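Keep in mind that what you see is a predicted model, and the values were worked out from it rather than measured. Protein chains get the first letters and strands the later ones, always in sequence-line order, with residue 1 at the start of each.
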Amino acid sequence: MRTHYCADVNESDIGKSVTVSGWVASRRDHGGLIFIDLRDKDQVVQLVCDPADNVEAHKLAEDVRDQFVLIATGKVRARGEGLENPKLKTGKVEIVVDNLIIENKSLPMPFDLGDDKVNEEIRLKYRYLELRTQKSYDIFKLRSKATVATRNALDELGFLEVETPIMTKSTPEGARDYLIPSRVHGGEFYAMPQSPQLFKQLLMVGGFDRYFQIAKCFRDEDLRADRQPEFTQIDVEMSFCDQEDVIEIGEKLIHSIFTKCGFDIPEKFNRMSYSDAMELYGSDKPDMRYDLKMVDVMDIFARCDNEIFSNIAKDAKKNRIKALKVPKGDEIFSKRQMKGFEDYVRKFGAGGLGYFQMKEDGLKGPLTKFFTEDDIQAIIDRCELEVGDAVFFGAGNKKLVWDYMGRFRIYLAEMMDIIPKDRFEFLWVMDFPMFEIEDGKMKAMHHPFTMPKTDENGKIVYDELEDLQSISYDIVLNGTELGGGSIRIHKEDIQKEVFKLMGISDEEAEEKFGFLLDAFKYGAPPHGGFALGLDRMIMLMTGASSIREVIAFPKTQKAQCILTQAPSEVDQEQLNDLSLRIRKQVQA
RNA sequence: UAGUCGUUAGAUAAAUGGAAUAUCGUGUGCCUAUCAAGCACAAGUUGUGGGUUCGAAUCCGAUACGGCUAACCA
C-alpha cells in the first residue's frame with residue numbers, strides 16, 4: 001500500500017513518486033493551495049495539494065480534516081529557499097500530491113492531542129487517540145526495546161522463558177488476591193498470581209536451572225501514581241547460586257536493558273545494608289541522587305533537661321532521636337516555613353519536629369534552653385553545622401522516626417529542588433530482616449520462603465528474632481523500589497523452623513503451600529532470584545509522572561478502566577453458572 | 001474510609017456577590033507559500049441538587065466524579 005513511512009521520505013527521494021499513508025496532523029488551506037501534515041506511527045511529512053498540479057486531489061483535500069486517514073501518492077520535491085522546516089525530520093522536502101485517497105474520516109478530536117494538561121479522565125476515555133501521539137509512541141517504543149533487550153540478555157545468559165498460570169491458587173500472606181469464580185466447582189475460586197513466585201521455585205525443582213518470564217502480576221490493593229492492579233514484572237530465578245551470582249545476573253540484565261535503551265549506566269551498583277538505609281535515610285529505598293543524611297543524637301539528648309526527650313533517649317533499642325541537617329536551610333526557609341514542616345511530619349504520626357538554626361552567634365531555637373553549652377557544641381560538631389544551616393529533629397519510636405524523617409527528607413529535597421534529573425542512581429539494599437512484628441505477630445518481611453542467614457552448620461542463630469537477617473536484596477533506582485529478590489529456602493527443616501517462628505502450624509502450612517513443600521522433598525536445588533518492575537523501570541527511563549503513561553490501557557485510582565467501563569455487572573445467567581449471588585447494597 | 005486539591009463551551013484557562021471572557025479546536029466565508037499560517041463572522045445547561053440574596057461561577061450546606069496522599073501493597 002505504502003512505499004515509504006513518513007519519516008523515511010528524504011532528499012534522496014527527490015523526483016521520485018512515493019506513496020505515504022497516515023493521519024492528518026494538521027491541514028492548512030491557503031486558498032487554492034492546501035498543505036497537509038501527514039503523520040504515521042511517529043513522524044510527519046508535508047503534502048502539498050496544488051490545483052495546478054492536480055485538480056482532483058486538491059478538490060478532495062478541501063474536505064480533509066484533522067485525523068482523517070489518507071493514502072497519498074505524489075512526487076517528492078525539495079522545498080524552496082526559506083521554506084524548509086527545521087522542526088521536522090522531513091522538513092527539507094514535501095510531496096506534491098497527484099493522487100489522494102480519503103480512506104476514512106474522523107470526528108473532531110474530543111481534546112487537543114499532545115496537550116498533557118488535558119484532564120486525565122478524558123485522555124483515558126479516548127486512550128487510543130492519546131496513543132496516536134508521538135509522545136506515547138516513543139514511550140511504547142522504548143518499552144518494547146526494553147522487553148526485547150530483556151529477552152536477548154537473559155537468553156544469552158542461558159535463561160529459559162516459561163509461562164506460568166494466570167489462573168492459580170490463592171496464597172494468603174501478602175496482598176489481596178483477585179479471584180476468579182469456578183463454574184465447574186461451584187463456590188470455589190482461582191486466584192490471579194501476585195507474582196509467579198511459587199511456580200518459579202517449582203521450575204527450579206523441575207531442573208530448568210535458569211528461568212525468566214515477563215510476567216503479568218495482579219494485586220488487589222489501592223492504586224497510587226506508581227501502582228496499578230495489574231502490572232508487569234521481569235521475573236528471574238536460578239539454581240545452584242549464591243547471593244553474589246544472583247546480583248551479578250541482575251546487574252548484567254539491568255545494564256544491558258538500559259544500554260539498549262540508550263542510557264549510560266554503571267556495570268556495578270553500590271550497596272547498602274537495610275539497617276544503614278533506615279538509620280541514615282529513614283527508608284529502605286533511599287534516593288541517592290542527593291545527600292541529606294540523618295545523624296543519631298540520642299546520646300546528647302539523653303542529657304538534656306527536657307523530659308520528653310530524655311525519656312525517649314532511655315530506650316535505645318526501641319527509640320531514635322535523629323537529626324537532619326539542611327545546608328543553608330536557615331537562609332532558605334522562613335521561620336514560618338520551618339514551623340510548617342511540623343504539620344507535614346505530624347501527618348505521618350510525628351509528635352513534633354524540633355529545629356535549630358545555626359546563626360553567626362551560635363545555635364538558636366526553641367530547644368536550646370534544655371541543653372548545656374557543651375552539649376550544644378556537641379550537636380554542632382555531630383551535625384557538622386555551619387552558619388546558615390538548619391537542623392531538624394525527630395524523636396520517638398524508631399520505626400515512626402525513620403518513616404517521617406525519611407519522608408521529610410524527600411519533601412525537603414523536592415522543596416529545595418536539589419534532586420538532579422536525568423541521572424540514574426542504582427543501589428542494592430541488602431540484608432533485610434527476616435521478620436517484622438505487626439500487631440504483635442511475626443510476619444515475613446519478604447516472603448516466608450526467603451532464606452534466613454545461617455551459621456556454618458546451616459543453623460539459624462539469633463539473639464532477638466527481630467534482628468534475624470535474611471539473604472535478600474532490593475534494587476533501588478532514584479528512590480523507587482525497582483525490584484527485589486532473595487535466596488530461597490530449599491531444605492525442609494529450615495522451612496519448617498521458619499514456619500514455626502512465624503506461628504504457622506504444620507496443618508496450615510500443608511494446606512496453603514503443601515504442593516511446594518512436597519516438591520522440596522524430591523531434591524530441591526539451592527536457588528534464588530529476583531523480579532524487576534517493568535512498568536516502574538519504563539516510568540523512570542521516560543521520566544513519566546505516572547505509571548499510567550507507560551501502560552497502554554491503564555486503570556484509574558478507583559481501579560476502573562474508563563475506556564471499557566470495567567468492571568461492570570454481568571448477566572444473571574453468568575452468575576448462576578458461577579454459583580454466585582450478588583448481595584444488593586441497600587440505599588440508606 | 002480519611003485528608004487534600006479540583007470540576008466554567010469540545011479542550012485549556014480567566015472572571016471584587018452585579019453584562020460569563022480569552023486561547024486552541026469546530027462551522028462558514030476570504031486568501032497561492034505557510035510551518036499547528038492569516039483575516040472576518042458564528043455557536044455556551046458554570047458537575048448535580050438545595051439554601052442565602054433584589055441579584056450567585058463567586059457565599060453556605062449536601063452530593064457525585066476525578067487527581068494526589070495515608071491505611072494496604074509477603
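- Figure legend. B/rU45 is base-paired to no nucleotide; pairs are counted as Watson-Crick or G-U wobble with both atom distances under 3.5 Å.
- Rounded to whole Å, the distance from CG on A/D343 to P on B/rA70 is 17 Å.
- In summary, A/R346 and A/E342 engage in a salt bridge, as defined by a charged side-chain N under 4.0 Å from a carboxylate O.
- Applying the 4.0 Å criterion to OP1 and OP2 of B/rA70, one finds that A/R407 has a side-chain N or O inside that range.
- Atom C1' of nucleotide B/rG10 and atom CZ of A/R123 are separated by 16 Å, given to the nearest angstrom.
- Among the heavy atoms of the strands, none lies under 4.0 Å from A/F449.
- At a threshold of 4.0 angstrom between heavy atoms, the contacts of A/R39 with the nucleic acid are absent.
- With hydrogens and angles left out, the side chain of A/R227 and the base of B/rC72 share a donor-acceptor pair within 3.5 Å.
- Syn is the conformation of B/rG61, whose glycosidic angle sits no further than 90° from 0.
- Spacing between B/rA15 and B/rU21 at atom C1', rounded to whole Å, works out to 7 Å.
- Between the CG atom of A/L124 and the C1' atom of B/rG67 there is a distance of 11 Å, given to the nearest Å.
- At whole-Å resolution of the value, CZ in A/R65 and C1' in B/rA36 are 15 Å apart.
- When the nearest nucleotides of RNA chain B are assigned to A/D403 and A/G82 by heavy-atom distance, the more 5′-ward of the two goes with A/G82.
- Residue A/E94 has its side chain nearest to B/rA33 when only B/rU12, B/rC73, B/rA33 are considered.
- The gap from the C1' atom of B/rA43 to that of B/rC60 amounts to 35 Å, rounded to the nearest Å.
- A/K117 has no side-chain polar atom (N or O) that falls below the 4.0 Å cut-off from OP1 or OP2 of B/rG6.
- Atom P of B/rC5 sits at a distance of 13 Å from the matching atom of B/rC59, rounded to the whole Å.
- As a whole-Å value, the separation of A/L129 CG from B/rG25 P is 17 Å.
- Atom NZ in A/K496 sits 8.5 Å away from atom CG in A/L517 (nearest 0.5 Å).
- When Watson-Crick and G-U wobble pairs are counted only if both distances are under 3.5 Å, B/rA2 pairs with B/rU69.
- A salt bridge is defined here as a Lys NZ or Arg NE, NH1 or NH2 lying under 4.0 Å from an Asp or Glu carboxylate O, and A/D403 with A/R407 meets this definition.
- Using a 4.0 Å cut-off between charged side-chain N and carboxylate O, A/D431 and A/K453 make a salt bridge.
- For A/L33 and B/rA37, the CG to C1' distance is 12 Å, given to the nearest whole Å.
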Just the table, please: protein N/O against nucleotides 63-66 of chain B N/O, every pair under 3.5 Å.
unit_1, atom_1, unit_2, atom_2, d
B/rG66, OP1, A/Q560, OE1, 3.1
B/rG66, OP2, A/K558, NZ, 3.3

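- Taking atom C1' on both B/rA11 and B/rA36, the two are 15 Å apart, rounded to the nearest angstrom.
- In summary, A/R123 and A/E130 engage in a salt bridge, as defined by a charged side-chain N under 4.0 Å from a carboxylate O.
- What you find for A/K216 and A/P193 is that their closest heavy atoms are O-CG, 4.3 Å.
- For A/F348, the side-chain atoms get nearest to B/rA70 when compared with the rest of B/rC73, B/rU26, B/rA70.
- In the set B/rG25, B/rU12, B/rC72, the nucleotide with an atom closest to the side chain of A/D115 is B/rU12.
- Atom NZ in A/K87 sits about 10 Å away from atom P in B/rA37, given to the nearest Å.
- Nearest-nucleotide positions on RNA chain B for A/I122 and A/E84 put A/I122 closer to the 5' end.
- Nucleic acid contact for A/R536: none, since no nucleic acid atom lies under 4.0 Å from a heavy atom of the residue.
- Rounded to whole Å, atom P of B/rU69 lies 15 Å from atom OH of A/Y411.
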Candidate pair A/M109 and A/Y126, rule side chain to side chain contact (heavy atoms under 4.5 Å, CB included), full reasoning: CA-CA 9 Å; A/M109 291 298 102; A/Y126 299 99; over 6 Å; no
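- Side-chain N/O atoms of A/R77 and base N/O atoms of B/rA33 include a donor-acceptor pair closer than 3.5 Å.
- Between B/rA70 and A/R224, a contact under 4.0 Å exists linking OP1 or OP2 to a side-chain N or O.
- Searching all strands for a Watson-Crick or G-U wobble partner of B/rC54 with both distances below 3.5 Å returns B/rG18.
- One finds a salt bridge joining A/D116 and A/K135 here, because a Lys/Arg side-chain nitrogen approaches an Asp/Glu carboxylate oxygen to under 4.0 Å.
- Nearest to the side chain of A/D66, among B/rA11, B/rU26, B/rC73, sits B/rU26.
- For A/R548, the listed nucleotide lying nearest its side chain is B/rC68; candidates were B/rA33, B/rC68, B/rC73.
- Under the Watson-Crick or G-U wobble criterion, with both distances below 3.5 Å, B/rU28 is paired with B/rA40.
- Residue ring and base: A/H30 counts as stacked with B/rA37 (centre distance below 5.5 Å, interplanar angle below 30°).
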Verdict with supporting geometry, A/F499 and A/I489, side chain to side chain contact (heavy atoms under 4.5 Å, CB included): CA-CA 11 Å; A/F499 282 149; A/I489 300 170; over 6 Å; no
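- For B/rA22 and B/rU46, the C1' atoms lie 16 Å apart once the distance is rounded to whole Å.
- Remark: the separation of the P atoms in B/rA20 and B/rG47 is 16 Å, to the nearest Å.
- A salt bridge links A/R28 and A/D37; the closest N-O separation between the charged side-chain nitrogens and carboxylate oxygens is under 4.0 Å.
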